[in-house]
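What follows is a short report on a single structure.
By convention in this document, chain letters (A, B, ...) are assigned in the order of the sequence lines, proteins followed by strands, and residues within each chain are numbered from 1.
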Amino acid sequence: MGRYVVRRVLLALPALLGLVLLTFVLTRVIPADPAAMLAGDAATPAQIADIRSRYGLDQPLWRQAVTHVRQVLTGDLGSSIFTGRPVAEEIGFRLPATLELTFAALFLSVVLGIPLGLVAALDHNGPVDQIVRLLSVGGLAIAGFWLAIMLQLVFSMELDLLPLRGRIDIALGAPPAVTGLYLLDSLLALRLDMFGSALRHLVLPAVTLCLPGLASIARFTRSGVLETLQKDFVLYARAAGYSPFRLATIYVLRNAITVTVTQVGLLFGALISGAVAVEAIFDWPGLGTYAVQAILAADYKALLAVTLVVGVVYAVVNVLVDVAQALVDPRVAEQLK
Amino acid sequence: MSDMLASAPEAPSLMTVRDLAVHIRTDAGLARILDGVSFSLPPGGSLGIVGESGCGKSTLLRAILGILPKGALVPQGQVVFQGQDILKTPVRGRIGFIPQDPYLSLNPVFRAGDQLLEGMRNHAPGTRDDHRKKLIGLFHAVQLPEPQNALDKYPHQFSGGQRQRLLIAAALACDPDLVVADEPTTALDVTTQREILALLRGLTAERNMGLLFVTHDFGVLSAVCEDVAVLYAGRVAEYGPTGNVLADPRHPYTRMLLACHPDRATDLIGIPGTVPAATAQPPGCRFHPRCPISRPSCAVTVPEMARIFDGSRVACPYHADPLPEVALG
């Protein structure tokens with residue numbers, strides 16, 4: 001198992017290097033000239049040339065690439081060509097916000113989706129199954145931005161139960177930064193008032209974001225359980241006297257969720273891209289809103305950094321998913337040998 | 001058919017199946033999987049159930065084991081095991097089960113021990129440690145390599161033959177009085193098959209356990225079972241001592257089935273037609289559409305099980321008639 005984890009991490013490294021180079025190439029093929037953008041409409045060719053040399057944009061492409069890789073490896077993501085502030089600093093603040101939101105959504109999808117899929121499968125074609133089917137079709141079909149606005153209208157405007165936007169009550173301010181995740185930091189600082197506020201702010205965006213994932217996890221779990229129930233080993237287990245509850249929850253579910261675990265890895269990418277719209281609507285200060293600003297301003301340094309960070313997070317999540325899969329199914333680790 | 005037990009002197013019986021019917025509701029209508037099946041097994045005896053795919057062998061086993069699928073009905077009949085109708089009050093732990101396919105019958109994501117100890121956990125007294133010791137002892141008896149570590153391995157770390165040995169050990173683990181085996185060697189290669197069969201017969205005979213052995217292979221049957229019941233489309237066609245039935249089959253179906261066997265047939269011929277769908281069983285004798293000597297009455301009257309000579313019974317009133325040469329190859 002330990003060797004499997006090491007191998008899996010080593011296999012992720014070339015992918016990450018490829019990611020660094022690819023993001024570099026991508027920013028160089030976009031048609032906008034960043035030097036001209038930065039210099040403004042009224043700039044003279046001499047001013048543009050000056051900016052170009054200051055940012056190293058006049059160097060040969062390969063030299064720029066080498067510089068880029070070296071900088072990235074040392075954690076230097078450059079400064080925003082728009083605000084002049086270091087990009088790494090900005091991302092250091094915004095990444096935890098996005099991670100807090102996506103992990104909350106992922107958590108809801110898994111914790112609700114797996115039991116829903118299980119009860120649907122156990123009631124195959126029965127009323128519970130039909131209700132879950134309706135919910136999961138709905139979850140996939142409803143547009144996130146529409147749902148977000150409806151939730152805001154009902155729970156914030158009408159019922160006044162939950163905050164409309166933001167990460168935490170402005171009067172309270174952010175908890176002292178340790179991880180950047182407000183829920184965790186407020187607990188570390190023993191500030192329950194902050195924890196409560198952060199949690200209340202998290203509910204609506206997380207619910208909005210989790211719905212498609214919840215729906216697909218429920219569907220995958222349902223079909224996984226149905227498929228597993230057909231297996232000979234289930235018949236054998238019944239003969240051995242497994243109680244129906246133990247059979248369904250322990251014996252069958254572990255096989256059934258191998259597909260679900262893979263699904264979680266794929267889902268994470270969808271959550272991050274879905275977060276862009278959700279963050280915009282709930283005014284959530286995450287990577288999504290940052291990326292939108294960067295695109296509108298042709299801030300290629302910021303854009304590059306966002307792409308890179310999302311790519312790294314995605315790679316890390318996939319390594320975790322692979323490890324989780326090996327924990328669920330012992331054959332996975334052996335296949336890599 | 002029910003008269004056969006009434007007319008027989010009450011021999012001591014481990015298990016007696018009386019007039020058992022199992023029907024399953026399907027979208028295509030009521031599937032009459034088993035209809036009026038009767039046989040009995042003395043303590044320590046061995047009975048083979050033989051028949052083509054779809055004749056109801058597996059459903060019979062599932063009825064005995066109390067694991068019939070959802071939607072299955074038992075409109076009539078009894079399965080009396082040690083004096084108790086187990087269709088009404090299931091007994092667990094006194095009947096061991098060896099499933100058909102050792103590759104598919106173990107869950108790949110759990111250690112062998114987690115699965116094989118479950119039966120004992122549910123049915124046998126003692127602690128988990130006692131159970132482990134007992135099972136490891138049985139692993140020695142079934143000649144499993146490295147019996148000490150076997151419980152902590154995953155199924156894919158064993159070969160097919162080894163997995164079948166694991167399953168045999170598990171079937172014996174609760175000291176059952178009857179072992180029920182569902183074609184336990186079909187997934188294995190021929191040499192492994194012979195070893196496993198010898199092992200199974202040896203272990204059950206040694207412990208005076210009854211053995212109910214389902215197969216479609218007459219070769220396997222003669223090596224393992226004293227008696228045989230030939231099943232056709234959910235009914236017993238012929239029933240008797242294995243030697244008699246194999247040497248002098250009386251039911252046209254048995255005669256043709258034996259003639260199909262590659263070891264015996266001069267030419268490979270089949271039985272024309274197929275086993276009828278369980279939702280569309282023909283009236284009268286269920287074999288009559290495929291039978292070379294069927295008469296008009298066969299399509300109307302359900303044949304009674306008739307005693308022919310010592311210990312053998314056949315469900316065909318014309319069992320003494322010769323079959324046309326061509327049907328026997």
Q: Check whether B:L167 gets within reach of chain A through its side chain, its backbone, both or neither, counting any heavy atom under 4.5 Å.
A: both
Q | Smallest separation among heavy atoms of A:P330 and B:P108, with atom names | A | CG-O, 3.6 Å
Q | Pick from B:I67, B:I95, B:N122 with the largest number of heavy-atom pairs that fall under 4.5 Å of chain A | A | B:I67
Q) So how far is it from A:L235 CG to B:D182 CG, rounded to the nearest 0.5 Å? A) 8.5 Å
Q: Return the minimal non-hydrogen interatomic distance between A:Y236 and B:L106, and the atom names on each side.
A: CE2-CD2, 4.5 Å
Q: Find out whether the Lys NZ or Arg CZ of A:R331 is both under 6.0 angstrom from the six-membered ring centre of B:Y154 and within 45° of the ring's axis.
A: no
Q: Can you tell which part of B:D114 gets under 4.5 Å to a heavy atom of chain A, answering side chain, backbone, both or neither?
A: backbone
Q) B:R111 versus chain A, heavy atoms under 4.5 Å apart: side chain, backbone, both or neither? A) neither
Q: Let me know if B:F97 has heavy atoms under 4.5 Å from chain A in its side chain, its backbone, both or neither.
A: both
Q: Give, for atom CD1 of A:I250 and atom CG of B:N107, the distance between the pair rounded to the nearest 0.5 Å.
A: 12.0 Å
Q) Between B:Q115 and A:Y251, does any side-chain donor sit less than 3.5 Å from a side-chain acceptor? A) yes
**Q.** Structural part of B:Q100 lying under 4.5 Å from a heavy atom of chain A
**A.** neither
(Q) Under the criterion side-chain contact (heavy atoms from CB on, under 4.5 Å), I'd like the reasoning laid out for B:K70 against A:H124: C-alpha separation, chi angles, the key distance, then a yes or no. (A) CA-CA 11 Å; B:K70 266 188 196 167; A:H124 186 34; 6.0 Å; no
Q: Using side chain to side chain donor-acceptor pair (under 3.5 Å) as the criterion, list what pairs up with A:N318, not counting sequence neighbours.
A: none
Q. Between B:C174, B:A171, B:S105, B:A170, which residue shows the highest count of heavy-atom pairs closer than 4.5 Å to chain A?
A. B:S105
Q: Hey, could you give me the CZ/CG distance between A:R238 and B:L68, rounded to the nearest 0.5 Å?
A: 8.0 Å
